[in-house]
Amino acid sequence: MTPLLTEAAVGSVPDAATRAALLADDPFWLILLKSVVILLIGPIMTIFLIVWERKAVGRMQNRPGPNRVGPGGYLQSLADAIKLPFKEQIIPDTADRKVYFLAPVLSAVPALIALSAIPFGPVVSIFGERTVLQLLDLPVSLLVVLACSSIGVYGIVLAGWASGSPYPLLGGMRSAAQVISYEIAMGLSIVAVILQAGSLDLADIVGAQQKWWFLLLLPSFVIYLISMVGETNRAPFDLPEAESELVGGFHTEYSSMKFAMFFLAEYVNMVIVSAFATTLFLGGWMAPWPLSLIGNNVLNTGWWPVLWFFAKMFVLLFGFIWLRGTLPRLRYDQFMRLGWKVLVPLNLVWIVMVTFAKVIHWTPLSITIAAIAILILIMLFFYVRASGREEESDVVPVTGGGFPVPPLDLKVPQTTPRQKALAKAEAKAARRKPAAVGTAQEGAQDGVS
């Protein structure tokens with residue numbers, strides 16, 4: 001056994017060299033066990049989250065949630081998982097079959113493997129083998145998780161294009177614009193964390209939060225929370241699957257197991273971004289502040305950190321459910337404006353402020369200058385916002401405004417163009433129809449008699 005492994009006590013926070021040595025020393029059965037657990041976290045959490053969301057939103061809307069299948073309705077998701085593979089599979093004739101089959105896989109598979117780089121705890125002992133509760137430890141593990149959570153959006157884009165239908169195509173185009181907008185905001189919100197921790201390794205970022213969490217980087221945390229809702233296509237940012245105007249959006253033409261894979265990818269992505277936010281801003285597997293003082297930090301040793309990690313993650317997952325049951329869907333122009341005109345500029349200003357705070361030598365004079373500069377920036381922001389806002393008027397424009405609303409002078413035709421064309425065709429056919437010979441002879445005889 002190497003000296004690094006000898007020094008790595010159970011429950012300790014290892015450095016990068018110790019983590020690499022512990023992971024390299026893992027036997028094959030332990031690597032296989034970690035891989036199976038990582039792959040099962042997503043589907044198991046999906047089954048639980050669907051029931052939890054239905055019950056929570058039902059309680060918010062004063063109606064019962066699922067309460068028939070199993071005790072308290074908690075087996076409803078299991079019944080859905082059994083039902084979906086046996087449903088009829090319908091494939092449009094206009095679909096590009098290869099891409100049509102590939103799109104759900106491209107959404108689900110990256111989501112299932114993204115959790116492999118997340119550190120779930122410190123050094124633990126599993127059946128006598130000391131290891132780290134992490135499958136992979138890479139110097140750029142932060143970028144790996146960010147990339148895996150982003151690739152799923154390309155599955156949505158391909159699904160919309162390959163379906164050969166206008167509604168899925170519009171949903172896929174919306175998703176392409178969405179990933180460009182909110183990926184930039186999400187990436188910029190992580191820059192402050194990287195500057196503070198000095199590393200792209202998620203385990204090092206957790207270790208840098210031993211004294212205080214990066215929740216102190218509150219603007220970055222708030223921007224990340226907004227961006228992760230847009231990244232996962234959840235309400236009120238679920239515009240690629242807006243049933244009010246796009247029927248079902250990108251998955252309109254999908255059924256059976258392929259639809260279930262899109263459903264699985266959405267909920268697994270929720271788990272990924274929540275685990276990512278827990279690692280970056282909420283101390284990862286570290287116990288909350290009052291509990292960390294108990295027994296000389298004993299609650300940060302052993303398997304206790306796994307409990308704290310999942311507790312923080314469940315709080316963030318409940319935020320998704322709360323938003324779905326509370327806020328209505330945004331209009332598309334509002335959605336784009338929030339990403340480009342609010343989140344990205346605020347991110348850039350905040351990164352400059354964090355960089356300035358790290359390099360300056362703080363004295364009473366510098367603190368006063370910084371406070372005055374922040375005050376001037378806030379006043380300038382509100383001034384620009386107020387000057388750019390158009391004066392509201394009580395007069396309603398007769399010819400409509402800049403949004404797709406009908407004008408007040410709209411005249412609805414009595415007949416549609418299709419009805420006019422049908423009436424014209426029927427009249428033309430009636431003119432071409434010859435008169436009945438027998439009827440004309442009878443009329444002539446009646447006239448003679």
Side-chain angles (χ1 to χ4, degrees), residues 36-58 65-66 68-70 73-92 95-115 148-165 167-169 171-172 174-175 231-235 237-243 246-275 317 320-321 324:
V36 171
V37 171
I38 290 294
L39 289 176
L40 288 179
I41 287 177
I44 292 174
M45 290 287 291
T46 299
I47 292 174
F48 171 75
L49 280 173
I50 292 174
V51 175
W52 187 25
E53 180 172 1
R54 289 174 175 174
K55 284 185 170 293
V57 175
R68 292 290 186 269
V69 185
Y74 281 99
L75 297 182
Q76 181 63 54
S77 293
L78 192 59
D80 293 340
I82 296 173
K83 174 190 69 176
L84 282 171
F86 296 100
K87 290 181 71 69
E88 181 182 3
Q89 180 176 253
I90 301 173
I91 303 175
D96 187 327
R97 287 180 171 260
K98 292 181 180 179
V99 183
Y100 182 85
F101 279 89
L102 178 64
V105 178
L106 192 60
S107 290
V109 172
L112 292 173
I113 64 176
L115 291 173
C148 288
S149 63
S150 306
I151 289 176
V153 184
Y154 296 99
I156 295 175
V157 176
L158 291 176
W161 177 81
S163 295
S165 180
Y167 294 119
L169 180 61
R174 284 184 175 186
S175 185
E231 182 74 15
T232 53
N233 298 328
R234 293 283 300 184
F237 300 153
D238 55 341
L239 294 167
E241 54 185 58
E243 69 276 1
L246 298 183
V247 183
F250 65 92
H251 55 65
T252 299
E253 305 294 347
Y254 281 87
S255 60
S256 186
M257 199 60 192
K258 295 182 183 62
F259 174 77
M261 292 182 71
F262 280 120
F263 215 60
L264 174 68
E266 177 180 329
Y267 280 88
V268 174
N269 277 322
M270 289 168 55
V271 175
I272 291 171
V273 295
S274 299
L317 288 171
F320 281 103
I321 299 172
R324 187 183 186 92

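Hydrogens, waters and symmetry mates are skipped; everything else that's a heavy atom, side chains included, is used.
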Tyr254 side chain to Ser163 backbone, donor-acceptor under 3.5 Å: no
Other residues, nucleotides, ligands: >12 heavy atoms within 6.0 Å of Phe48 CZ: yes
Atom pair CG (Leu158) and NZ (Lys98), whose distance is rounded to the nearest 0.5 Å: 14.5 Å
Minimal non-hydrogen separation, Ile151 against Pro110, with atom names: CG2-CG, 3.7 Å
Heavy-atom pair of closest approach, residues Leu84 and Ala260: CD1-CB, 3.5 Å
Polar side chain donor-acceptor pair, Tyr100 to Glu253, under 3.5 angstrom: no
Check: Trp52 and Leu317 side chains under 4.5 Å, non-hydrogen atoms: yes
Non-hydrogen atoms of Gly172 and Val157 that approach each other most closely: O-CG2, 3.7 Å
Donor-acceptor pair, side chain of Ser256 and main chain of Lys87, under 3.5 angstrom: yes
Closest non-hydrogen atom pair between Gly155 and Ala103, with its separation: O-CB, 3.4 Å
Heavy-atom side-chain contact between Glu231 and Asn269 under 4.5 Å: no
Interatomic spacing from CD in Glu53 to CZ in Arg324 - rounded to 0.5 Å: 5.0 Å
Approximate separation, where rounding is to 0.5 Å, of Thr252 OG1 and Leu169 CG: 11.0 Å
Approximate separation, where rounding is to 0.5 Å, of Ile156 CD1 and Arg174 CZ: 13.0 Å
Side-chain heavy-atom pair Leu112, Pro43 within 4.5 angstrom cut-off: yes
From Ile50 atom CD1 to Tyr267 atom OH, the distance as rounded to the nearest 0.5 Å: 5.0 Å
Check: Glu266 and Arg234 side chains under 4.5 Å, non-hydrogen atoms: yes
Shortest non-hydrogen separation from Ser255 to Gln89 and the atoms involved: OG-CA, 3.7 Å
ring-ring contact (aromatic ring centres under 6.0 Å, His included) partner of Phe250, the single match among Tyr167, Phe259, Phe262: Phe262
Ile44 CD1 to Ser77 OG distance, which is reported to the nearest 0.5 Å: 12.5 Å
Close side-chain approach of Phe263 to Asp80, heavy-atom, < 4.5 Å: no
